[in-house]
Amino acid sequence: MTKTLIVGNWKMYHNTHQASLLLHHLSEKVETHRDVEVVLSPNFLVLQSLSLQVNHRQFKLAAQDCDWHDEGPYTGAVSATMLSGLTKYVIVGHSERRHGFNESDVVIRKKVQAVIRNAMQPILCIGETATERADGETKHVIHDQLVSGLANVTSEEIEQIMVAYEPVWAIGTGKNARPDDVREVATLIRKQIGSLYGKEASEKVRILYGGSVSSHNAAEYLATEGVNGLLVGGASLNADEFASIVASAHKTATEKES
Ligand code: PGA
C-alpha cells in the first residue's frame, strides 16, 4: 500500500514555544491512520526540541532545507549530515529557496545527493512561475527541473524520492491550480521518471501537489490521478485545518481502496 503523504511546511513561522504549542494542538486533533503518513516541517531551530516532544508514530519530521556540504566554513548553514537521525525527510528546491535565495539547479541537485547520502529522503520541489505558464513553458520547466534534480540519483535510490509539484504562482496566493492541470503535470513527471528509471520505479515515486491547499480543496487534489499527497504551507499552521486535510487524505485513500 502506498501511503498518502501529507506534509506541513511551517516555513519561517513559530519560535520554540509557539511550535511546541502547535505540536500539542496537532497531536490532539490529527488522527493516526495506517494509510496516511503525516509529516511536520518546522524551522531548523525547533527541530531538535520537537523531535523530543513528538510522537513518532503520529508524525514524522522534515527539514525545510539543508546545505549540501557535510561540514565546513559555511556560516549560517545546516548540513544534511547534521540533520541525519533527526528527520526522515528534507524539502529540497522549494520555490522560496530557488527564487528567494537564488538556488540553482546545480545546488539543488547536490542537496538531493546530500540528503540521500545521509540516509534521509528528499522532497524535491519543482514548478513553473506565472510567466513561464503564460508562455506555455510549463512542460519544459518541469522536465528540466526534474531531470536536473535527479541527475545523480541512481536506480537504487530513486524510490527514496518524493517529487512535489508546486506551481510558483499558486504558493501562498490562494490561487489554486486546476486538478486537471495537476494531473497532467503528475503524468508528465511519472513519464519522465519512467523513461529514466523504468515503469516500476515511476509507479513507486510519490508525487505531491502543493500551492494554496486548504481543507476545502484538499480532497479534489487527493482524488486526482497520480497524486499521492500534499505539501501544505499556510494551512498547516492551523491545527483544525491541518487535521481536516489529514482526515480528507484518509477518506480519499479509503475510497480509492474500495
Ligand atoms: P501554501 O504553501 O500552502 O501556503 O501555498 C505551499 C508551500 O509553499 O509548500
Side-chain angles (χ1 to χ4, degrees), residues 4-14 18-19 22 26 30 36-44 46-47 59-66 87-103 108 111-112 115 121-130 132-133 138 141-142 145-146 149 161-179 181-182 185-186 189 206-222 224 227-249 252:
T4 304
L5 195 68
I6 304 294
V7 185
N9 174 9
W10 295 2
K11 308 196 180 188
M12 201 179 71
Y13 293 101
H14 289 357
Q18 293 163 322
L22 176 58
L26 287 167
V30 175
V36 184
E37 183 174 357
V38 185
V39 182
L40 308 178
S41 188
N43 68 66
F44 284 138
V46 306
L47 260 181
F59 302 115
K60 307 291 179 214
L61 293 175
Q64 296 173 14
D65 182 39
C66 68
T87 73
K88 179 173 182 187
Y89 300 101
V90 181
I91 299 172
V92 175
H94 190 281
S95 78
E96 286 152 13
R97 304 288 323 168
R98 288 180 190 266
H99 301 285
F101 293 83
N102 291 323
E103 283 189 11
I108 289 161
K111 290 185 175 189
V112 168
V115 173
Q121 296 183 246
I123 301 174
L124 172 64
C125 300
I126 58 178
E128 81 287 0
T129 62
E132 287 162 344
R133 169 157 285 261
T138 301
V141 173
I142 295 301
Q145 290 182 352
L146 185 67
I161 306 264
M162 326 275 130
V163 179
Y165 169 49
E166 297 211 305
V168 179
W169 49 270
I171 297 178
T173 57
K175 284 187 204 151
N176 296 101
R178 294 184 321 155
D181 291 338
V182 175
V185 174
I189 293 170
R206 281 186 282 180
I207 299 175
L208 317 181
Y209 168 73
S212 298
V213 171
S214 70
S215 60
H216 302 291
N217 59 30
E220 52 178 346
Y221 293 117
L222 290 162
T224 299
V227 173
N228 311 110
L230 301 169
L231 182 47
V232 186
S236 72
L237 294 167
N238 178 315
D240 288 314
E241 267 289 291
F242 196 63
S244 141
I245 293 170
V246 173
S248 267
T252 315

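Counting starts at 1 for both ligands and their atoms, in listed order.
Between L26 and V38, the closest side-chain pair of non-hydrogen atoms is not below 4.5 Å. Annotation: side chain of F242 is in contact with side chain of I6 (closest heavy-atom distance under 4.5 Å).
For the pair A170 and ligand 1, a heavy-atom separation below 4.0 Å is found. At least one heavy atom of G211 sits less than 4.0 Å from an atom of ligand 1. Residue-ligand proximity: S212 is placed with a non-hydrogen atom under 4.0 Å from ligand 1.
Taking both residues in full, the closest heavy atoms of M12 and Q64 are given as N-OE1, 4.4 Å, listed atom of the first, atom of the second, then distance. Between A62 and P42, the shortest heavy-atom contact is O-CD, 3.7 Å. When all heavy atoms of A170 and Y209 are compared, the pair lying nearest together is CB-OH, 3.8 Å.
Near H94, the atoms of ligand 1 lying under 4.0 angstrom from a non-hydrogen atom of the residue are 7 (C), 8 (O), 9 (O).
Given atom 2 (O) of ligand 1, the protein heavy atom at minimum distance is K11 NZ, 3.3 Å. Given atom 9 (O) of ligand 1, the protein heavy atom at minimum distance is E166 OE2, 2.7 Å. The protein atom (non-hydrogen) at minimum distance from atom 4 (O) of ligand 1 is G234 N, 2.8 Å.
One N or O on the side chain of R98 and one on the backbone of C125 form a donor-acceptor pair closer than 3.5 Å. Of the possible polar contacts, none joining the Y89 side chain to the K60 backbone as a donor-acceptor pair under 3.5 Å is found.
Residue contacts with ligand 1 for N9 involve side-chain atoms from C-beta outward but no N, CA, C or O (heavy atoms, distance under 4.0 Å).
Counting only non-hydrogen atoms, the option in G233, G174, G172 that gets closest to atom 5 (O) of ligand 1 is G172.
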